[in-house]
Amino acid sequence: MKHNLKLGLSFLVLLTSWFVLPQMVQAQDPPTHGNASTHIYQDRDFFSQAQIDKLEKQNDRLADSKQRQITKIFILSPKKLGDDFELAEDYMYKNDFGDGGNPAGTIQEKIVKKKSTDSSGGYKGLGAEQSIRKYENILVFVPEKNSLTFAPSSFTFGRYDKLNWKKLTFGHKHQLNNSTSSQAKGVFKIAARINKQQLKLSQRDKPARNGRPWVEFLEKFATALAFTVPLMLIWAYLRLGSRSPDGPTYSNEMDWYDGWVERGYYDDMYDDYHDDYDDYHGDHQDDWHDDPY
């Protein structure tokens, strides 16, 4: 009887582990599709239904545009990103839009990989992968970390830089640090701005490019100047700081003379000069005395 009871308990434990463990593993795997709507995933109550409806209407217009862009939004807890995932704070302010290691980039890569694989697990090819990457835009917000990251599609990637991101988040970045309702408003406003920009970019025939190369040049020039100016000031002080403001001193003026005498140049020139003088006057005196009256 006891033996059968032990077997029954062991079987019950194994059966429970069979159902529970896969769910635990699955819970740590980042999602690739929506659950609140077609393009929105949230692992807790976040957006209101009205906000979800407005964002989906924008996606409908994006899907009907020339390049058929879409924007998928994921509201995730850190657990959904995996135990080993290192979440960097303020990630997008470092201009890492193309980094596959940030939350948005990670999910974008998973979506592209999943869609470019057929039902049998075979790879559809580079052409299929590039076609998928061309329209997939991913926005991820992690409320616990106040972390908002974005991975643009390959067609619109060239439009995004640090200045453009500041423009998209302007006036709403502070909301990401407040209550859940405030965070939802901030993410909604930023996502709506992204969708409006994506709609304009999606009407083009060619991939977007950064239209402000002079801004990047000025940023690089200002950075170089910030490092160079202190060095120039130090050099100028060392070079000119010890000199009198009225001009060179007597000792500075005579430096050339001291070096000239020290090297023996003065003695050699003095001897040559007097030798020439004696020869000249000696010859003329002889000629003078030789001339008849």
Side-chain angles (χ1 to χ4, degrees), residues 27-37 39-59 62 70-111 136-153 156-157 159-199 215 219 222-223:
Q28 301 302 322
D29 191 28
T32 56
H33 57 276
N35 62 356
S37 63
H39 301 102
I40 298 175
Y41 178 96
Q42 50 188 39
D43 58 8
R44 86 286 306 269
D45 290 336
F46 192 76
F47 290 124
S48 68
Q49 189 59 48
Q51 290 171 332
I52 292 173
D53 292 341
K54 289 180 180 179
L55 291 173
E56 286 296 349
K57 285 182 180 179
Q58 286 185 323
N59 262 305
L62 282 171
I70 58 173
T71 302
K72 294 181 179 177
I73 304 172
F74 295 84
I75 309 301
L76 303 175
S77 65
K79 293 180 180 179
K80 282 289 194 297
L81 297 172
D83 296 332
D84 298 330
F85 195 90
E86 295 182 2
L87 186 64
E89 296 182 1
D90 294 337
Y91 213 102
M92 299 312 291
Y93 307 122
K94 298 179 181 178
N95 202 22
D96 294 319
F97 295 96
D99 191 347
N102 70 25
T106 299
I107 293 179
Q108 186 187 57
E109 289 301 316
K110 283 184 172 292
I111 292 174
E136 287 282 352
N137 301 275
I138 309 299
L139 183 69
V140 176
F141 182 62
V142 183
E144 291 84 352
K145 299 293 184 178
N146 309 322
S147 175
L148 184 68
T149 54
F150 183 62
S153 67
T156 62
F157 176 83
R159 183 65 183 88
Y160 289 88
D161 56 19
K162 186 180 294 185
L163 185 63
N164 179 252
W165 183 248
K166 288 182 178 179
K167 178 182 177 182
L168 292 170
T169 59
F170 178 75
H172 301 291
K173 186 171 63 175
H174 68 282
Q175 293 179 299
L176 307 183
N177 305 323
N178 297 328
S179 63
T180 301
S181 60
S182 178
Q183 288 178 330
K185 290 178 182 177
V187 176
F188 170 76
K189 290 292 185 180
I190 294 171
R193 287 178 179 176
I194 290 174
N195 286 337
K196 288 180 180 179
Q197 179 169 271
Q198 289 295 118
L199 185 60
V215 174
E219 287 181 350
T223 301

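Remember, it's a predicted structure, so these values are computed and weren't measured experimentally. Just so you know, these numbers use all the heavy atoms, side chains as well, and skip hydrogens, waters and symmetry mates. Position 1 is the first residue of the sequence; numbering continues from there.
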(message) Could you check whether Arg44 pairs with Glu144 (Lys NZ or Arg NE/NH1/NH2 to Asp/Glu carboxylate O, under 4.0 Å)?
(response)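 Salt bridge: yes.
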(message) Let's go through Ile40 and Glu56 carefully: what are the C-alpha distance in whole Å and the side-chain angles of both, what is the deciding distance for side-chain contact (heavy atoms from CB on, under 4.5 Å) to 0.1 Å, and is it a yes or a no?
(response) CA-CA 8 Å; Ile40 298 175; Glu56 286 296 349; 4.0 Å; yes
Are the side chains of [Y] and [X] in contact, using a 4.5 Å heavy-atom criterion?
X      : Y      : value
Phe141 : Gln183 : yes
Asn164 : Arg159 : yes
Leu148 : Lys173 : no
Phe188 : His172 : no
His39  : His33  : no
Thr149 : Phe74  : no

(request) List in chain and number order the residues that pass salt bridge (Lys or Arg N to Asp or Glu O under 4.0 Å) with Lys110, two or more places apart in sequence or in another chain; answer none if no residue qualifies. (result)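 In terms of salt bridge (Lys or Arg N to Asp or Glu O under 4.0 Å), with neighbours along the sequence ignored, Lys110 is linked to Asp29.
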(request) Would you check if the side chain of Glu109 reaches a backbone N or O of Thr106 as a donor-acceptor pair within less than 3.5 Å? (result)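 Not a single qualifying donor-acceptor pair exists.
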(request) Look at the side chain of Gln108 and the backbone N and O of Glu136, then say whether any donor-acceptor pair between them is shorter than 3.5 Å. (result)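 Yes: the side chain of Gln108 pairs with the backbone of Glu136.
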(request) Verify ring pair (Phe, Tyr, Trp, His ring centres under 6.0 Å) between Phe150 and Tyr160, making sure each step is shown before the conclusion. (result) CA-CA 10 Å; Phe150 183 62; Tyr160 289 88; 5.1 Å; yes
(message) Within the supplied structure, the quantity of interest is the number of heavy atoms (other residues, nucleotides, ligands) at a distance under 6.0 Å from Asp45 CG; does it exceed 12?
(response)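 Counting other residues, nucleotides and ligands, CG of Asp45 stays at 12 neighbours or fewer.
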(message) For Thr156, give me all partners under side-chain hydrogen bond (donor to acceptor under 3.5 Å, both in side chains), at least two apart in sequence or on another chain.
(response)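 For Thr156 the side-chain hydrogen bond (donor to acceptor under 3.5 Å, both in side chains) partners, ignoring immediate neighbours, are Asn137, Ser153, Gln198.
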(request) Name all pairs fulfilling the salt bridge (Lys or Arg N to Asp or Glu O under 4.0 Å) condition that reach into residues 180-193, sequence neighbours left out, sorted by first residue then second. (result)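 Pairs touching residues 180-193 that pass the test: none.
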(message) Between Tyr41 and Ile75, is the side-chain contact (heavy atoms from CB on, under 4.5 Å) condition met? List the steps.
(response) CA-CA 6 Å; Tyr41 178 96; Ile75 309 301; over 6 Å; no
